[in-house]
Amino acid sequence: MKYQKLENQETHWKWLYLTKKNREGENITRYEERSLQESKALDLVNSRNHPEKIEEWITNHMAQSLVIKLDQAIRARRKRFFNAEKQSTKKKSIDLEYAVWLRLSKYSKKMKMTLSETITYMIDERESKASYESQMSAMKAGLKDLLGHK
């Protein structure tokens with residue numbers, strides 16, 4: 001296993017995941033009866049600071065359809081958590097309009113680069129162009145001064 005499991009931390013993440021699903025109106029329990037669902041969900045919400053109760057609740061009451069989803073969510077959260085420890089592996093996100101993302105994606109594929117590499121390449125190109133333009137302006141000003149003083 002690449003990432004260390006931190007039991008209390010992961011139990012808290014599970015609690016957050018399940019309570020969010022419950023708030024969104026999804027049935028997080030294995031029960032059909034509405035009052036029983038609400039009762040068991042309330043039990044989970046109230047066990048926030050008791051990791052052993054949360055794990056017991058998951059074992060005894062969680063909907064079977066959430067088992068794989070919960071495991072995937074925790075695995076992703078664990079990866080993000082450990083990658084965030086180092087600046088080099090920490091991921092950042094930006095919001096792009098769909099049209100912009102589509103253009104960037106097509107350009108990245110054409111260049112055979114990742115989106116991050118493409119953005120870095122485009123920034124480098126723009127900086128090079130700005131530097132070149134600055135040098136050309138300085139040379140033009142120098143020529144004007146040279147020709148203007150004769």
Side-chain angles (χ1 to χ4, degrees), residues 1-30 37-38 41-55 57-59 61-150:
M1 174 178 289
K2 185 174 180 180
Y3 303 106
Q4 177 184 356
K5 283 188 176 183
L6 305 171
E7 296 300 330
N8 285 346
Q9 180 72 54
E10 291 191 16
T11 301
H12 179 67
W13 292 338
K14 290 175 185 178
W15 183 88
L16 289 171
Y17 178 85
L18 291 168
T19 54
K20 179 179 180 243
K21 290 283 185 194
N22 185 53
R23 269 194 318 274
E24 292 170 351
E26 191 172 324
N27 178 18
I28 59 171
T29 69
R30 59 180 63 162
Q37 291 173 8
E38 290 171 0
L42 187 60
D43 288 347
L44 175 67
V45 170
N46 292 333
S47 63
R48 178 181 187 164
N49 296 318
H50 305 283
E52 61 286 340
K53 286 184 182 178
I54 295 169
E55 289 296 339
W57 188 96
I58 290 170
T59 304
H61 307 294
M62 189 174 76
Q64 212 45 45
S65 61
L66 288 177
V67 172
I68 293 173
K69 290 179 183 178
L70 179 63
D71 285 345
Q72 289 172 335
I74 296 305
R75 212 172 22 255
R77 190 98 182 236
R78 187 184 311 129
K79 181 178 187 285
R80 284 192 303 272
F81 179 79
F82 283 104
N83 283 344
E85 289 181 340
K86 288 191 244 164
Q87 191 65 29
S88 61
T89 56
K90 188 171 187 169
K91 300 289 184 194
K92 302 287 187 233
S93 63
I94 57 173
D95 291 330
L96 297 174
E97 293 176 9
Y98 178 76
V100 174
W101 171 83
L102 189 60
R103 288 182 66 192
L104 184 62
S105 179
K106 286 179 181 177
Y107 190 67
S108 294
K109 287 176 186 167
K110 183 176 139 190
M111 300 291 288
K112 293 183 170 78
M113 296 178 173
T114 65
L115 293 177
S116 294
E117 290 168 340
T118 303
I119 292 169
T120 302
Y121 172 78
M122 294 169 96
I123 292 169
D124 289 345
E125 286 295 306
R126 182 63 190 115
E127 287 173 346
S128 297
K129 184 178 177 183
S131 174
Y132 174 77
E133 288 172 351
S134 172
Q135 290 173 353
M136 289 304 290
S137 294
M139 286 174 52
K140 285 180 184 177
L143 279 174
K144 278 186 183 176
D145 285 348
L146 186 63
L147 294 174
H149 286 96
K150 283 191 173 185

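Taking a cutoff of 4.0 Å between a charged side-chain nitrogen and a carboxylate oxygen, E125 and K129 do not qualify as a salt bridge. Taking a cutoff of 4.0 Å between a charged side-chain nitrogen and a carboxylate oxygen, R77 and E10 do not qualify as a salt bridge.
Between R30 and I58, the shortest heavy-atom contact is NH2-O, 4.3 Å. Closest non-hydrogen pair, L115 versus S105, comes out as CD2-CA, 3.9 Å. The two residues L66 and N27 have their closest heavy-atom pair at CD1-O, 4.4 Å. Here the closest heavy-atom approach between residue K69 and residue Y17 is recorded as CB-OH, 3.4 Å.
Residues T11 and E55 bring a donor and an acceptor atom of their side chains to less than 3.5 Å of each other.
Not one N or O on the side chain of N22 forms a donor-acceptor pair closer than 3.5 Å with the backbone of L18. Judged purely by atom type and a 3.5 angstrom limit, W15 has no side-chain atom pairing as donor or acceptor with the backbone of I54. When atom types are taken as modelled, the side chain of S108 and the backbone of L104 share a donor-acceptor pair closer than 3.5 angstrom. In terms of modelled atom types and a separation under 3.5 Å, the side chain of T120 and the main chain of S116 share a donor-acceptor contact. At least one donor-acceptor pair closer than 3.5 Å links the side chain of T114 to the backbone N or O of E117. Put simply, the side chain of Q135 never gets that close to the backbone of Y132: no donor and acceptor are under 3.5 Å apart.
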Which is it for E38 and L42 under the side chain to side chain contact (heavy atoms under 4.5 Å, CB included) test, yes or no, and what are the steps along the way? CA-CA 6 Å; E38 290 171 0; L42 187 60; over 6 Å; no
Test log, rule side chain to side chain contact (heavy atoms under 4.5 Å, CB included), inputs L70 and K14: CA-CA 7 Å; L70 179 63; K14 290 175 185 178; 3.9 Å; yes
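Taking OG from S128 and CD1 from I123, the interatomic distance works out to 12.0 Å, rounded to the nearest 0.5 Å. Rounded to the nearest 0.5 angstrom, I74 CD1 and H12 NE2 are separated by 10.0 Å.
Within 6.0 Å of CD in E97 there are 12 or fewer heavy atoms belonging to other residues, nucleotides or ligands. Residue-environment remark: CD1 (I68) stays at or below the threshold of 12 foreign heavy atoms within 6.0 Å.
Every residue two or more places apart in sequence or in another chain was checked for a salt bridge (Lys or Arg N to Asp or Glu O under 4.0 Å) with E52, and none qualifies.
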